[in-house]
Number of protein chains: 2
Amino acid sequence: MSASPQPHETHELGLAQPITLADIAREAGTSPSTASRALSGRGYVSPAARDRLLAVADRLGYVPNASARTLKRRSSRVIGVVVSDLGNQFYARLAAGIEQTLREADYQMMVLGDNSEGDEELDGARTFLAMRAPGVIMTPVSSDAGELLRSQGVAVVEVDRRLTEGCDAVVIDNEAGARAATEHLLSLGHTRIALLGVDTEWTTDAGRLAGYRAALAAARLPADDRLIVRIPVHVDADERIEALLRDERPTAIFAANNQLAERAWRLIRRRGLHLPGDLSLVAFDDVPWMQMVDPGLTVVEQPTLELGRCAAKLLLQRLESPSLPPAVECLQPHLLVRGSTAMLVR
Amino acid sequence: MSASPQPHETHELGLAQPITLADIAREAGTSPSTASRALSGRGYVSPAARDRLLAVADRLGYVPNASARTLKRRSSRVIGVVVSDLGNQFYARLAAGIEQTLREADYQMMVLGDNSEGDEELDGARTFLAMRAPGVIMTPVSSDAGELLRSQGVAVVEVDRRLTEGCDAVVIDNEAGARAATEHLLSLGHTRIALLGVDTEWTTDAGRLAGYRAALAAARLPADDRLIVRIPVHVDADERIEALLRDERPTAIFAANNQLAERAWRLIRRRGLHLPGDLSLVAFDDVPWMQMVDPGLTVVEQPTLELGRCAAKLLLQRLESPSLPPAVECLQPHLLVRGSTAMLVR
DNA sequence: CTGTTAGCGCGTTCAA
DNA sequence: TTGAACGCGCTAACAG
């Protein structure tokens, strides 16, 4: 029966190969199946046997082989997350929100960054397919990845942007946010308001552009196309912004994301222009530096952490009930006025 | 033989179960082993068979089952990374550096955050053990995780901090950096220089403290313990910093990491103090906001991305040659003077 | 160069 | 309540 106590004092310096269910079963004098039931907590095991097994497992530092389990169960506990850029605080925060609710449900998060590149996104999808991830959350670049995933039965939720019809998604009310920003500027007397955006058809950019336009239209102001600067992904924004500053001289700028806001802010400063005296600036998405600079930036704040949490919840729900109709959540941003916007003095 | 062409027009809306090596072998009229050899590129396969196999695999969108492969090979292509806080730009950048060189070597990175909690770090280690990760890179909190990992034969490299003797590591020359910062302050005439650090025995904090002390000693200045504020992890720094500002009034502060620098900066501003007129401030570790605020912060800049790259390289090397003696790389930081430090006016 | 055989570690029948 | 047998998908021996 059970062998001698065997202190087994840690530090098995050699290439101690991992102990398996069979090992602990043998040590506890049961069959592997019983050990499996005891340690995975599914199926009947007598309390006595369970205790014995648990004790042995603990003593030997048993770590279940995730690959074997995944292979058998045909699904892992890893949820894939693919975002545009992990270095951007917006996406980092989004991931933090996701991670938080995922770990409460005992799932592992694995984050990958595409660089807003469809190819890398597709690679990521394949990685998650290979790992048999039951679900993936992404800020979609192209719909290829999502379609591939869904065609293989993995649950997908799109977050921040919405690209695929019939897919779970959680987004921000971009139009409302952009409209609020623009209206704020209009209320301060600005009429030459520039929009700095990304040139894509993503719902984020399209929505923010629409909100900007709507606000102008409501104020019966014509939209001046020269004031609408839409910069393609991966194109250096600085030139375009400089040209705007130099040639068009708006009295106010609405920057549609934190990245563009940063570029604009730096160029404004480099040019020796002052906020808000020479120019007003509003950013979509609040990140820490915007509160630290002087004057602080007026922003459209988004509930970024909540965005992530919500996406994770949606995914979890989908995993439980695959046949539910697709859900789309829309969270509200809100305007936070700081010092970078002021009354237009003429 | 091979069945009818089968267009297979995507959108297999059902729960299309993943296709396996057996599927593509059957379709190509070979045995699974040949298919394996062809697709994994190890072992002899006739060009003809290979082409056929590759074509079928491509057509069917074959994605190898990572779990099965890992189970068989007893090792995965996933390298674990565990850092203190993914939200901190320092760690984010570190991870970016790691990811970069890892992917060049065709490894996947999986990042986990402990919150400078030994427990969470240990959980992370178990996760990677479960996944059969061949190696792990970490900013160590306690040596338990590393020891567990190494006892199971997984390669470990410590980065930023060094905790375990005989372990590969890549660090910054903390002492030199701190000394440069303090000397800079001394050269400006400051004598009441406070140190804001973390209260641990980690090499980062110990090194920075030592550098600070060494500079004072070299200037034949006594170290005033009331000016040395060491804040334990997870303790709110604000109170301690406020007390320092209120009760001790140093003329200069050396903040030993970006986090503490941010807290200090905010409190200084809230108190209505001006940099560098009322107080000089130097930070260890440069992050973007430090250049954006006015005045910009004088910092000890570290090659963070390179730190990550270097750690990954070390790991890769260890994986190739497990028997090499442990290597410890030490990178040099350097002082970058901006506007937050100035001559002491009395 | 190819196919057959066997087994990685685990979970899940099914009988006992 | 337990154990024996099987198979998840892939790869490594070994024959052929």
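Atoms considered below: every heavy atom in the structure, side chains included; atoms not considered: hydrogens, waters and symmetry mates. A, B, ... follow the sequence lines: proteins, then strands. Residue 1 opens every chain.
For S33(A) and S36(A), the side-chain atoms include no donor-acceptor pair closer than 3.5 Å. A donor atom on one side chain and an acceptor atom on the other are not found under 3.5 Å apart for T70(B) and S67(B). E158(A) and T164(A) are linked by a side-chain donor-acceptor pair at a separation below 3.5 angstrom, with hydrogens and angles left out of the test. For the residue pair S84(A) / R161(A), a side-chain donor-acceptor distance below 3.5 Å is found, with atom types taken as modelled.
Following rounding to the nearest Å, N65(A) (CG) and dG11(C) (C1') show an atom-to-atom distance of 13 Å. Atom pair K72(A):NZ and dC10(C):C1' shows a separation of 8 Å (rounding to whole Å applied). The CZ-P distance, from R77(B) to dT11(D), rounds to 13 Å in whole Å. Here the P atom of nucleotide dA15(C) and the OH atom of Y44(A) are 18 Å apart, to the nearest Å. When rounded to the nearest whole Å, the span between CD1 of I24(A) and P of dC10(C) equals 9 Å. Atom CZ of R52(B) and atom P of dC1(C) are 14 Å apart (whole Å). Atom CD1 of I19(A) and atom C1' of dG9(C) are 12 Å apart (whole Å). With rounding to whole Å, R42(B) atom CZ is found 11 Å from dA13(D) atom P.
Atom-to-atom distance recorded for E121(A):CD and M138(A):CE is 5.5 Å, nearest 0.5 angstrom.
Phosphate proximity of dG11(C) to R69(A): present, with a side-chain N or O under 4.0 Å from OP1 or OP2. Residue S33(B) has no polar side-chain atom (N or O) positioned under 4.0 Å from OP1 or OP2 of dT11(D). When the side-chain nitrogen and oxygen atoms of R74(A) are compared with OP1 and OP2 of dG9(D), one or more of them lie within a distance under 4.0 Å. For Y62(B), a side-chain nitrogen or oxygen approaches OP1 or OP2 of dC10(D) to under 4.0 Å. Applying the 4.0 Å criterion to OP1 and OP2 of dC1(C), one finds that T34(B) has every side-chain N and O outside that range. The side chain of S36(A) places an N or O atom within less than 4.0 Å of a non-bridging phosphate oxygen (OP1 or OP2) of dG11(C).
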Q: Walk me through it: do Q108(A) and L112(B) pass the test side-chain contact (heavy atoms from CB on, under 4.5 Å)?
A: CA-CA 9 Å; Q108(A) 287 284 335; L112(B) 255 39; 3.8 Å; yes

Q.
Please evaluate residues E147(A) and R150(A) with respect to the criterion salt bridge (charged side-chain N to carboxylate O under 4.0 Å, His left out), reporting the C-alpha separation (whole Å), side-chain torsions for both, the decisive distance (0.1 Å), and the verdict.
A. CA-CA 5 Å; E147(A) 275 170 16; R150(A) 299 180 66 197; over 6 Å; no

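Contacts of L21(A) with the nucleic acid, taken as non-hydrogen atoms under 4.0 Å apart, involve only primed sugar atoms and P, OP1 or OP2.
Along DNA chain C, the nucleotide closest to P64(A) and the one closest to S31(B) are compared, and the more 5′ of them pairs with S31(B). Between R37(A) and G29(B), the residue anchored nearer the 5' end of DNA chain C, judged by the nucleotide with its closest heavy atom, is G29(B).
Between V233(B) and S116(B), the closest heavy-atom pair is CG1-CB, 3.6 Å.
No donor-acceptor contact under 3.5 Å links the side chain of R132(A) to the base of dG9(D).
Taking five base pairs at each end of the helix from dC1(C)-dG16(D) to dA16(C)-dT1(D), the local helix axes there meet at an angle of 40°, rounded to 10°.
Taking the side chain of T30(B) as heavy atoms from C-beta on, and the options dG3(C), dG11(C), dA12(D), the nearest nucleotide is dG3(C).
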